[in-house]
Amino acid sequence: MSILQANIYYIGSVGLMLVGLYIILAKRNLIKVIIGLSFFETGINLLLISIGYVRGGTAPIFSNPDVKAEGMVDPTPQALVLTAIVIGVAVLALALSLAVRLYEHYGTLDLRKVRELKW
Amino acid sequence: MAETLLVLAMLGVAICACVFRDLLSAVIASAVVSLIAAVLFFCLHAPDVAMAEASIGAALTTALFVIAIRKTTRFEEEEK
Amino acid sequence: MRGLIAVIVLAVLAAGLAFCLAEIPFGRDIGDVGGRYVEQGVQETGAANVVTSVVVGYRGFDTLGEVTVLFIAAMGLGAVLYGRRPSGGRREKPSLILSTGCRFLFPLIMVFGAYVFIHGHLTPGGGFQGGVIAASAFLLMYLGCGGKRIHRATLGAVESLAGLAFVIAGLAGLAVGGYFLMNVLPKGTVNQLFSAGIIPVIYIAIGLKVGSELAGIVENLLEVTE
């Protein structure tokens with residue numbers, strides 16, 4: 001039980017990635033698939049930040065002059081994930097516009113009925 | 001202990017979003033997942049990332065989804 | 001059948017990830033790169049927020065790429081949804097609470113967003129977070145203030161000029177004789193508003209660009225559905 005509790009962030013982020021990937025692979029509605037894509041990206045961001053955690057660390061901000069530099073968490077994955085979140089919303093906006101256009105053309109969002117996208 | 005409960009709640013709500021038939025409920029569930037992820041980012045001492053995830057995931061993504069659902073169908077089709 | 005194959009793929013992926021993550025113990029010591037950024041970051045860039053100095057200072061070119069990707073996505077959305085007439089005026093009027101609250105809250109949210117992206121080098125926050133907060137103020141206005149719209153040309157002009165300002169700030173470093181995105185303004189003392197050289201200038205440009213871009217995306221998507 002304690003190994004579950006010590007690595008709870010890894011388990012949570014991998015679990016969220018797997019839920020997102022299951023929605024992408026097994027669901028038929030396009031908006032559901034885009035929701036699954038958003039879950040997948042959130043899971044990956046959570047995994048990256050939890051890898052950069054330092055035990056007993058604080059946030060990497062020098063708010064007053066007597067904050068020590070040792071004992072801060074790693075700032076590099078945080079910069080990476082900031083970029084990844086913004087690009088995630090850009091991809092989502094473009095995917096939703098394609099879904100709206102697809103619905104106007106085919107009249108349905110069911111991926112099995114849309115001919116060119118059969119699995 | 002608090003983080004364990006939050007992570008289990010996040011996984012539960014994510015599975016709910018997979019199961020719901022009403023797409024509007026699934027979108028609200030995805031907003032709750034983003035909110036819990038923002039709290040987890042704060043627990044991992046990353047305040048910049050927590051602000052970005054809270055504002056983008058819980059506000060803007062949900063608004064875009066609701067606008068897209070309004071133009072297309074609201075309910076998922078039944079399984080054959 | 002499809003669900004079964006999906007579960008098998010997921011099981012293989014989960015096993016692979018578990019093997020990889022077993023080698024990385026949770027909460028280990030900071031590495032070499034992160035250690036250098038934390039120890040020398042304030043001295044080399046002058047920003048109190050180390051994540052800001054990494055995003056804009058050490059990896060500023062990647063941030064330029066990210067701004068470009070956001071711009072391409074907005075352009076793609078505009079191209080896919082091109083040439084639609086807003087169909088009819090069949091919209092419900094917003095309720096009294098929503099319209100009153102919207103008129104009251106809109107300037108407050110804009111000021112808060114501007115505060116977040118101006119103080120990006122001192123407190124948690126920065127260009128992207130502040131820009132998204134300003135865009136959510138625009139979203140409130142589209143939903144609650146009943147038919148008011150920002151002039152489309154103004155949004156496009158603000159977005160283009162802000163993006164241009166970022167590139168010009170980078171080229172200023174090249175013009176002085178150094179490298180692209182070199183710090184040409186004085187670093188000042190830490191924890192002051194006018195410090196950290198070129199970082200507040202770039203973050204203000206990014207905040208304005210992201211805010212107007214996301215407001216344009218929301219308006220583009222809304223206009224189709226009316």
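Below, read A as the first sequence line, B as the second, and so on, with proteins coming before strands; counting in each chain starts at 1. What's counted below: heavy atoms across the whole structure, side chains too, no hydrogens, waters or symmetry copies.
Neither the backbone nor the side chain of B/M51 has a heavy atom closer than 4.5 Å to any heavy atom of chain A. With a threshold of 4.5 angstrom between heavy atoms, B/L64 approaches chain A through its backbone and through its side chain. Only the side chain of B/L11 comes within contact range of chain A, with at least one heavy atom under 4.5 Å from a heavy atom of that chain. For a residue to count as touching a neighbouring chain, one of its non-hydrogen atoms must lie under 4.5 Å from one of that chain's; by this rule A/S50 touches chain B with backbone and side chain alike. Contact of B/F20 with chain A is made through the backbone alone, with heavy-atom distances under 4.5 Å. For B/V49, the parts lying near chain A are the backbone and the side chain together; criterion is any non-hydrogen pair under 4.5 Å. For A/S97, no part sits under 4.5 Å from any heavy atom of chain B, backbone or side chain.
No donor-acceptor pair closer than 3.5 Å links the side chain of B/H45 to the backbone N or O of A/V73. Checking side-chain atoms of B/K71 against main-chain N and O of A/A99 turns up no donor-acceptor pair under 3.5 Å.
Residue A/L96 comes nearest to B/A68 through the heavy atom pair CD2-CB, 3.7 Å, listed as atom of the first residue, atom of the second, then distance. Nearest heavy-atom pair across B/A14 and A/L16 is CB-CD1, 3.8 Å. A pairwise comparison of heavy atoms in A/K32 and B/A17 identifies CE-O, 3.1 Å as the closest pair.
Interatomic distance, CD1 of A/I34 versus OG1 of B/T61, reported as 11.5 Å (0.5 Å rounding). From B/T73, atom OG1 reaches atom CG of A/L30 across 9.5 Å, with rounding to the nearest 0.5 Å. Rounding to the nearest 0.5 Å places CG of A/L82 at 6.5 Å from CG of B/D48. The CD atom of B/E76 lies 5.0 Å from the CG atom of A/N29; values are rounded to the nearest 0.5 Å. For the atom pair A/L92 CG and B/F65 CZ, the distance stands at 4.5 Å (nearest 0.5 Å). Of the inter-residue distances, the one linking A/I23 atom CD1 with B/S30 atom OG reads 9.5 Å to the nearest 0.5 angstrom.
The residue among A/I31, A/V81, A/V19 with the most heavy atom pairs within less than 4.5 Å of chain B is A/I31. When each of A/S38, A/G57, A/S13, A/A93 is checked for heavy-atom pairs under 4.5 Å with chain B, A/G57 comes out on top. Ranked by heavy-atom pairs shorter than 4.5 Å toward chain B, the options A/L46, A/I11, A/V89 are led by A/L46. Most heavy-atom pairs under 4.5 Å with chain A, from the set B/V7, B/T72, B/L8: that is B/T72.
Side-chain atoms of B/M10 and A/T42, non-hydrogen and from C-beta on, never get closer than 4.5 Å to each other.
Around the OH atom of A/Y103, the shell of radius 6.0 Å holds more than 12 heavy atoms that belong to other residues, nucleotides or ligands.
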